[in-house]
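Heavy-atom basis, side chains included; hydrogens, waters and symmetry copies ignored.
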Amino acid sequence: MRIDLAWMMREGLAREGRNIPGTLNWTCRGSPSGSIGYRAFMDEQGHNRLELVYTRGKGSDAEQVTQTIDLCFTEPNFGGKRWWMICPYRNIRVGKLYLPPGGDRFASRNAWRLGYQSQRSAHRDRPFDRLFRLQEKLGCERGWQNFPRRPKGMWRRTYERHLEEYYALDEKCEIEGMAMIARLHR
């Protein structure tokens with residue numbers, strides 16, 4: 001689960017000068033996967049914070065958790081304010097906090113030692129990842145050898161440009177696939 005303060009500000013779930021309560025909900029593949037209550041205290045000069053209230057665990061092992069996240073802001077050169085959360089474990093400014101499976105409190109990527117998806121992908125998997133993203137963009141099922149059709153409303157020249165990229169990625173995937181098969185036969 002992830003808390004993104006910039007998204008909360010855009011959606012009006014947190015606003016400078018206001019004290020706003022609410023609930024954050026998460027889904028996984030369309031079904032609910034978690035929710036927490038929060039209160040954004042952004043009306044107290046110098047003591048801005050986000051208070052999170054949630055239950056961790058189930059049944060008799062359930063634990064009621066109240067976690068306070070301090071908030072601060074910077075003033076970019078182009079004006080306005082950029083709001084940040086302070087990681088409760090590393091004491092660093094971050095835009096997002098995470099609660100990974102098995103975790104007990106929200107903290108930064110750094111505190112949880114979380115990597116990005118691109119860091120976990122092997123070099124040989126990248127053509128497949130790019131092909132699958134392009135297939136999603138074109139509205140077809142993910143998978144090698146699933147041919148995309150032009151989505152309704154997409155200009156033909158845009159579709160043709162995407163199709164050229166599709167063929168190039170498909171060829172790279174084929175080369176990587178053959179190399180994997182060759183490694184398995186050795």
Side-chain angles (χ1 to χ4, degrees), residues 1-121 125 129-130 132-143 151-154:
M1 293 190 285
R2 175 182 72 199
I3 297 175
D4 182 347
L5 186 59
W7 174 82
M8 289 177 71
M9 299 286 287
R10 277 193 309 273
E11 296 294 317
L13 303 175
R15 185 162 288 152
E16 183 178 359
R18 305 269 313 269
N19 176 339
I20 301 176
T23 304
L24 297 174
N25 299 298
W26 289 272
T27 59
C28 182
R29 295 185 187 102
S31 56
S33 64
S35 68
I36 64 168
Y38 75 91
R39 183 174 287 273
F41 292 96
M42 298 179 76
D43 58 346
E44 300 175 30
Q45 192 76 16
H47 193 60
N48 299 304
R49 66 194 182 282
L50 194 62
E51 288 188 359
L52 310 174
V53 179
Y54 54 97
T55 303
R56 187 179 158 267
K58 294 181 181 174
S60 62
D61 294 337
E63 172 191 7
Q64 188 68 26
V65 178
T66 301
Q67 186 178 4
T68 301
I69 309 295
D70 291 326
L71 303 177
C72 68
F73 64 87
T74 56
E75 295 180 1
N77 293 333
F78 49 83
K81 290 182 179 178
R82 179 177 294 148
W83 284 89
W84 303 93
M85 294 179 279
I86 305 296
C87 173
Y89 297 101
R90 296 281 192 218
N91 204 30
I92 57 175
R93 264 187 342 216
V94 294
K96 298 174 186 169
L97 293 176
Y98 300 86
L99 179 64
D104 60 345
R105 303 291 187 270
F106 281 89
S108 64
R109 272 185 184 279
N110 187 302
W112 283 116
R113 295 183 178 161
L114 298 175
Y116 293 96
Q117 176 65 39
S118 61
Q119 293 172 315
R120 292 191 302 267
S121 293
D125 295 335
D129 292 340
R130 288 181 58 206
F132 296 157
R133 278 196 307 272
L134 181 59
Q135 286 174 328
E136 283 179 356
K137 188 177 192 175
L138 294 174
C140 84
E141 257 184 68
R142 289 176 64 150
K152 183 177 180 181
M154 181 179 280

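Contact annotation: the side chain of Trp83 approaches that of Glu16 to within less than 4.5 Å [non-hydrogen atoms, C-beta and beyond]. With a 4.5 Å cut-off on side-chain heavy atoms, Met8 and Met85 do not count as touching. In this structure the side chain of Cys87 never reaches within 4.5 angstrom of the side chain of Asn110, judged on heavy atoms. Residues Ile36 and Ile3 meet the side-chain proximity criterion, which asks for heavy atoms closer than 4.5 Å. A 4.5 Å side-chain heavy-atom check between Phe41 and His47 finds every atom pair outside the cut-off. Contact annotation: the side chain of Gln64 approaches that of Thr55 to within less than 4.5 Å [non-hydrogen atoms, C-beta and beyond]. Counting heavy atoms from C-beta on, the side chains of Trp7 and Leu13 come closer than 4.5 Å. The side-chain heavy atoms of Glu44 and Asn19, taken from C-beta on, include no pair separated by under 4.5 Å.
Around CZ of Arg130, the count of heavy atoms belonging to other residues, nucleotides or ligands within 6.0 Å does not exceed 12. Within 6.0 Å of atom CZ in Arg56, more than 12 heavy atoms from other residues, nucleotides or ligands are found, so the atom counts as buried in its surroundings.
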Could you pull out every donor-acceptor pair under 3.5 Å between side chains of residues 66-74 and any protein atom, sequence neighbours left out?
from, atom 1, to, atom 2, distance (Å)
Gln67, OE1, Tyr54, OH, 3.2
Gln67, OE1, Phe106, N, 3.0
Gln67, NE2, Phe106, O, 2.8
Thr74, OG1, Trp84, NE1, 3.1

Go through the steps for Lys96 and Leu5 under the test side chain to side chain contact (heavy atoms under 4.5 Å, CB included), then give the verdict.
CA-CA 6 Å; Lys96 298 174 186 169; Leu5 186 59; over 6 Å; no

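Here Gln45 contributes atom CD and Asn48 contributes atom CG; the two are 7.0 Å apart, rounded to the nearest 0.5 Å.
The existence of a salt bridge linking Glu63 and Arg105 is confirmed by a sub-4.0 Å separation between a basic side-chain nitrogen and an acidic carboxylate oxygen.
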